[in-house]
Amino acid sequence: MQHHLSEQEIIRRENLQELRNLGLDPYPAEAFPVNILAATIRALYDPEAGNFQDVCLAGRLMSSRVMGKASFAELQDSSGRIQLYISRDEICPGENKDLYNIVYKKLLDLGDFIGVKGYAFLTKTGELTVHVTELKLLSKSLRPLPVVKTRVNEETGETEVYDAFSDPELRYRQRYVDLTVNAHVKETFLKRSRIISAMRRYFDAQGWLEVETPILQPVHGGAAARPFATHHNTLDMALYLRIANELYLKRLIAGGFDGVYEIGKMFRNEGMDRTHNPEFTSMEIYVAYKDYEWMMRMVEECLETIAREVNGVTTVQIGENAVEFAGPYKRLSMFEAIQTYTGIDVSDMDEAQLRGACRQLHIETDPSMGKGKLIDEIFSEKVEDHLIQPTYITDYPVEMTPLAKKHRSKPGLVERFELFVNGKEIANAYSELNDPIDQRQRFEEQLQLAARGDFEAMAMDEDFLRALEYGMPPTSGLGIGIDRLTMMLTNQHTIQEVLFFPQMKPEKAQGQEEDATE
RNA sequence: GAUUCCGUAGCUCAGUCGGCUAGAGCACUUGACUUUUAAUCAAGGGGUCCUGGGUUCGAAUCCCAGCGGAAUCACCA
């Protein structure tokens, strides 16, 4: 249904028709022979050499200052903006001045895609400018973009922004507008893309294989979370959108691959906030014949490489903190960390003693919590916030971690680490449990937790157990939350700022059917 | 899910002890101007004050409900 047109939209549609009446196609089909980006000219123009004398570029018309028979305008392409100088007699060499007087001055609107040919020069105020010799409309814009203006304050030297397009709802719902008018937004997403490609390059260079595993899973396993449920009509069976891919990747290690990794979406039917979106991107990797000690060294090298490739340096400013991603990272066992920040030694406590410790620390508990969960509560309440510089927390209680191998020397613990940066977990890794009998027992303990009311307890996966029974080599596995990592490396503090299209409520509540899934 | 705050022009925002025709800047329209740059100058148009009820002689303003959003808190990455 057509929305109510504003005055400015009506004018743009009239301009569109007027262009057609003049025989100009507002949406021409043919390619435009772009040969340069604005940023390239800006970086390499040399007034002495007089280079860039035959440029052809295209983008949106973002501002226009008409001064009679000459105009200055700004063109914005994928790389940024550059000023245009448009002189009437230059683009209209003959008697007919319509292209300038009518098409350019009256029928073009801000936001239109145009193509120009011309040559670079410096104006007498020193602004790098493309002197336009040819001008062509490439695509008409029918809605006005927000006009964001900036000025450099001469006293402070800071760039001041006027009329910023800043409403988060509008920015997320209309990301195309956000990307067009807010240059820093584009920068964040470019970095996100570079983070993923740098990670992929690093893994590929080690000879590990990128794989894809099912998103639709009959048994949701590999993590503690509530899934989205769906239904396959032909098979007439329940399927779940994956909450993790861990158990499938380990099947592939059992199948004989030395290293496999997957970068992909996971789906969890849980709350949404500044750090959680229902679908998010995770990287999981499994490497045979390795352990979690080896994995810690690998993660250090990998993150240092990524930080360097994305930001050029290994130090990242995250809010108030300068975080150093070059390894080696500090290591603390979970019990050491709790002792350090609470003064309490929980290493030998039973469930009742742990409840007492929680009371002492003013941490709420409920009866469904087992020993592992109680320790986890103390840790997240009292320790996490202190872990600013990259820190490995190692050796978790076995109750918390049903898929990790028991510690080689510390009874009751597993060989697991999580990496914390700026008070948040960004990686989780184990020496993977490959003893099928132990694994079956762990699943059974999870079933008991589920019976006590823990919704997040894992389900038994018989096929995975069958794979382990055939045999899986000793393996170390790692998961990294790509969105969280991106937030850190780009200094963004909401997940919505690193997702192009964060999940939102429907735009119009009226006339929308609510799904009866609650 | 809980609490607090917000919703006025295309954009950013003023405007509430309830009171005349709801304002500003940018954007838009008309005109002037051949090296400007938040271009300038002159004139002009543009509003479901989120929606629906209520109180009142009178509601953008007060009350109730709803919708949408933000922040903080709780849980999962």
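Lettering of chains follows the sequences in order, A, B, ..., and the numbering in each one begins at 1.
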A:Glu425 (side chain) and B:A77 (base): donor-acceptor pair under 3.5 Å: no
Within the 4.0 Å heavy-atom criterion, would you say A:Arg274 contacts the bases, only the backbone, or no part of the nucleic acid? sugar-phosphate
My understanding is that a pair needs two contacts under 3.5 Å, Watson-Crick or G-U wobble. By that rule, which nucleotide pairs with B:U40? B:A32
B:G23 and B:A9: how far apart are their C1' atoms, nearest whole angstrom? 10 Å
Closest heavy-atom contact between A:Asp112 and A:Leu108? OD2-CA, 3.4 Å
Determine the Euclidean distance between corresponding P atoms of B:U12 and B:G54; express it in Å to zero decimal places. 33 Å
Look at A:Lys106 and B:G31 and indicate whether a side-chain polar atom (N or O) is within less than 4.0 Å of OP1 or OP2. yes
Any A:Arg12 side-chain N or O less than 4.0 Å from OP1/OP2 of B:C28: no
Determine the contact category for A:Asp167: base if any of its heavy atoms lies under 4.0 Å from a base atom, sugar-phosphate if only primed atoms, P, OP1 or OP2 are that close, otherwise nothing. sugar-phosphate
Just checking A:Ser282: base, sugar-phosphate only, or nothing, at a heavy-atom cut-off of under 4.0 Å? nothing
Determine, answering yes or no, if A:Phe280 is stacked on B:A77 under the 5.5 Å centre rule and the 30° plane rule. yes
If you compare every side-chain N and O of A:Lys149 against the phosphate oxygens of B:U37 (OP1, OP2), does one of them come in below 4.0 Å? no
Using atom P in both nucleotides, what's the gap between B:A60 and B:U16 to the nearest angstrom? 14 Å
I want to check one thing: is the phosphate of B:U36, taken as OP1 and OP2, less than 4.0 Å away from some side-chain N or O of A:Arg65? no
Measure the shortest side-chain to side-chain distance between A:Ile86 and A:Glu90 over non-hydrogen atoms and say whether it is less than 4.5 angstrom. no
Below 4.0 Å: OP1/OP2 of B:G68 and any side-chain N or O of A:Arg173: no
For B:A65, which nucleotide is its Watson-Crick or G-U wobble mate, given both distances must be under 3.5 Å? B:U51
